[in-house]
Structure formats: structure tokens, C-alpha cells
Asks: 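First the structure, then my questions, so here it is.
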Amino acid sequence: MPELPEVETVRAGLEPLVSGTSIDAVTIYRASCVRHHGGGAGEFGLAVADAGIGEVVRRGKYLWFLLEEGHESPVNALSAHLGMSGQFRSFEGSPPAPHAHCRARFALTTPQGPLTLDFLDQRTFGYLRVESLVPTADGAPGGHGSEVPAVPRSVAHIARDALDPAVDQAGAVTAMRKGTRPIKTVLLDQTVVSGIGNIYADEALWLARIHPLRRASSLTSSEATRVLDSVRGVMGRALAQGGTSFDALYVNVNGESGYFSRDLAAYGRAGEPCVRCGDLLTRDRVAGRSTHWCPRCQTGPKPGTDRD
DNA sequence: AGTAGCACCTGATTGC
DNA sequence: TGCAATCAGGTGCTAC
């Protein structure tokens with residue numbers, strides 16, 4: 001379940017490998033991996049063929065490769081979403097037979113020779129597509145890893161992520177406190193603040209001592225700020241670990257392996273003692289997602305009342 | 001407009 | 001032992 005830190009680790013590893021290369025061809029092993037690309041697998045192949053790869057960019061969990069096609073500035077991107085289980089793996093020289101979960105294989109040309117880039121995705125929620133770029137509303141770079149003030153069309157509605165230096169902090173706090181939804185649901189909404197998935201949402205709320213069922217509109221500005229700071233804290237620490245535990249060849253390892261080895265304070269610990277107060281952590285479903293929290297030190301809606 | 005809920009999909013785990 | 005039901009989860013879409 002790659003969230004922002006995992007996707008950033010993938011981006012940072014891909015960038016030096018593929019930037020400056022060009023795409024010779026792509027083989028699609030499962031057509032559904034390009035289901036969001038208009039025109040299907042055949043058209044997708046035509047759209048990437050002979051394109052040069054520029055910067056590798058990320059906003060939240062969305063990743064894209066800027067395509068250089070002889071224009072002054074890029075007009076298209078090859079965008080990728082890892083879904084729940086997407087991975088990229090690369091091979092220099094002659095590649096092995098594609099893995100059973102390989103959905104697409106790109107043949108690249110580099111100054112050092114041929115390079116193969118595989119897109120693997122066991123649960124098939126991930127996807128690839130080629131689409132046009134649209135300018136960012138604020139004129140700032142579209143995402144991490146790029147100076148280009150544009151994003152793929154399908155990313156335009158996604159908010160800047162929690163670690164984006166161009167994020168509008170006051171605007172994010174305001175957006176968080178709108179509406180009637182629980183704070184857990186709001187954190188998972190990528191149009192409010194992006195990059196947060198189910199695991200880091202629980203971790204951030206535990207750190208901020210806010211109950212996941214608290215109505216987001218009931219948070220004070222300072223509480224909402226504390227939640228955002230906690231999101232940055234847990235993601236920043238995870239990113240630091242991901243960045244040190246993987247080297248440049250990380251794309252050859254299982255992208256999930258580093259994820260679950262991290263020490264989590266809340267997620268997956270139902271029935272275990274809270275490391276802060278000792279009470280047993282509890283679990284329930286919120287917005288259809290498994291949600292973990294400490295009933296003692298995460299203040300929230302009181303049972304039997306509507307005060308939240 | 002804002003929100004809720006489901007479809008999508010595979011493999012691991014649990015229950016009978 | 002074998003098979004079926006359940007669970008996991010991010011996004012995109014539809015319906016209210």
C-alpha cells in the first residue's frame with residue numbers, strides 16, 4: 001500500500017535511471033493496466049513510442065514521467081499510479097522473462113545501452129496512461145522532482161501533498177475544516193491534502209491525539225494544524241527510513257518490504273497497549289477502512305452524545 | 001455541491 | 001483435506 005513516502009522512494013530511484021533515456025517500445029501484458037488511457041493498449045503504445053523521458057515527478061501518490069517529444073517544453077506525461085501493489089523494476093542488458101505480475105514492459109535506450117523497465121502490479125489497482133499537461137493554478141512547480149509548473153490532466157484535481165513546499169498551509173487547514181465528515185475520511189480525501197493513505201492517517205491521528213471519528217469541522221485551527229504537522233512528522237520519518245534503507249537498486253527489491261518493517265504506533269495494533277498511555281488500542285471501520293486508535297489518549301466524540 | 005457507497009482485483013487467511 | 005467466505009485497500013465512478 002504505497003503512500004507518499006513509498007511513492008517518493010520509487011520516484012527518487014527511477015529518476016537517475018530513466019531520465020535522459022528514450023522509449024523504444026512497450027509491451028502490455030494486461031490491457032486493464034492502461035484502462036484509463038483513451039484508446040486502449042494499441043494507442044498507448046503509439047503514444048509512448050520514440051518519446052524521450054525527462055523529469056520524474058510526484059504529487060502525493062501520483063507519479064509521472066515528463067515526455068520530451070521535440071517541443072520546447074513537455075506537453076505530455078506518462079503518468080503512473082501504483083494503486084495498492086504497483087512496483088517498477090529495471091534490468092540492464094538482457095531482461096529475464098517477465099514476472100507473472102508484470103503488466104507492462106518498456107524497452108528503453110540509454111547512452112549505456114538497453115534498459116528494461118517493468119511495471120508489476122499484483123492486485124491490478126494501479127495504472128498507466130499518457131495524457132496532456134495542464135498548467136498549475138498557482139504557477140508553482142506541479143510536483144516534487146520538477147520545475148515545470150504543470151501537471152497531468154488527471155492530477156489537476158488532486159491537492160498539493162503535505163510535504164510540498166508550495167502547499168498553502170492556511171488553505172489546507174480551511175479545506176480540512178469544511179463539511180461534515182470525520183477527520184479520518186478527510187485525511188484520505190486526496191483533494192484536501194494529498195499523499196495520505198490508510199496507514200499514515202491512523203498514525204498521524206494517533207500522534208496528534210485526535211480521534212478518527214471527530215467531525216473535521218469541530219477541529220480548531222490549531223488542532224487541524226497539529227494534525228497536518230503530525231502527517232508531516234510520520235511521513236517525513238518514513239521517508240528518511242525509506243531513503244536510507246534502499247539504495248539506487250531499490251527498484252529491484254519488493255517495494256513493500258520496507259513499509260511494514262517500520263514501527264507503527266497505531267495501525268495494525270488493535271488489542272495491543274498504546275505505547276503512550278498503556279490502554280488497549282481499538283479498531284473499527286471508518287469510511288469503509290480499517291481504523292485504529294487509542295480510546296484513552298485520542299480525544300473524540302463522546303459515546304451517547306453528539307458533541308464532537 | 002458535498003457525501004456515501006460500490007466496483008475494480010488478487011492472494012492470504014479464516015471458517016466450516 | 002478441500003472449498004467457500006472474508007479481508008485488505010486507492011481510486012474512479014455513480015447515485016443520492
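Just so it is clear, the model here is predicted, and its values are computed rather than measured. Residue numbers begin at 1 in each chain, while the letters A, B, ... track the order of the sequences. Just the heavy atoms: all of them, side chains too, but no hydrogens, waters or symmetry mates, feed the values below.
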Asks: Taking A/Ala162's backbone N and O only, do any of them form a donor-acceptor pair with A/Arg232's side chain (distance below 3.5 Å, no angle check)?
Replies: yes
Asks: Quick check: on DNA chain B, is the nucleotide nearest A/Thr185 upstream (toward 5') of the one nearest A/Arg103, or the reverse? Name the residue that is more 5'.
Replies: A/Thr185
Asks: Can you check each nucleotide of nucleotides 10-16 of chain C against protein heavy atoms at under 4.0 Å and return B for base, S for sugar-phosphate only, - for none, in 5' to 3' order?
Replies: BBS----
Asks: How would you give the extent of chain A contacts on DNA chain B, as first and last nucleotide 5' to 3' within a 4.0 Å heavy-atom cut-off?
Replies: B/dG2 to B/dG11
Asks: Listed by chain and number, what are the salt bridge (Lys or Arg N to Asp or Glu O under 4.0 Å) partners of A/Glu223, not counting sequence neighbours?
Replies: A/Arg214
Asks: Select base, sugar-phosphate, or nothing to describe what A/Arg123 touches, counting heavy atoms under 4.0 Å on all strands.
Replies: base
Asks: Salt-bridged, A/Lys61 to A/Asp161, with N to O below 4.0 Å?
Replies: no
Asks: Touch check for A/Thr180, heavy atoms < 4.0 angstrom, all strands: base, sugar-phosphate only, or nothing?
Replies: sugar-phosphate
Asks: Do A/Arg105 and A/Asp118 meet the salt-bridge criterion of a basic N to acidic O distance under 4.0 Å?
Replies: yes
Asks: For A/Arg30, is there an ion pair with A/Asp121 - N to carboxylate O distance below 4.0 angstrom?
Replies: no
Asks: Can you tell whether the side chains of A/Arg226 and A/Asp229 come within less than 4.0 Å, N to carboxylate O?
Replies: no
Asks: Taking the cut-offs as 6.0 angstrom to the six-membered ring centre and 45 degrees off its axis, would you call A/Arg129 and A/Trp64 a cation-pi pair?
Replies: no
Asks: Is A/Glu8 salt-bridged to A/Arg58, cutoff N-O under 4.0 Å?
Replies: yes
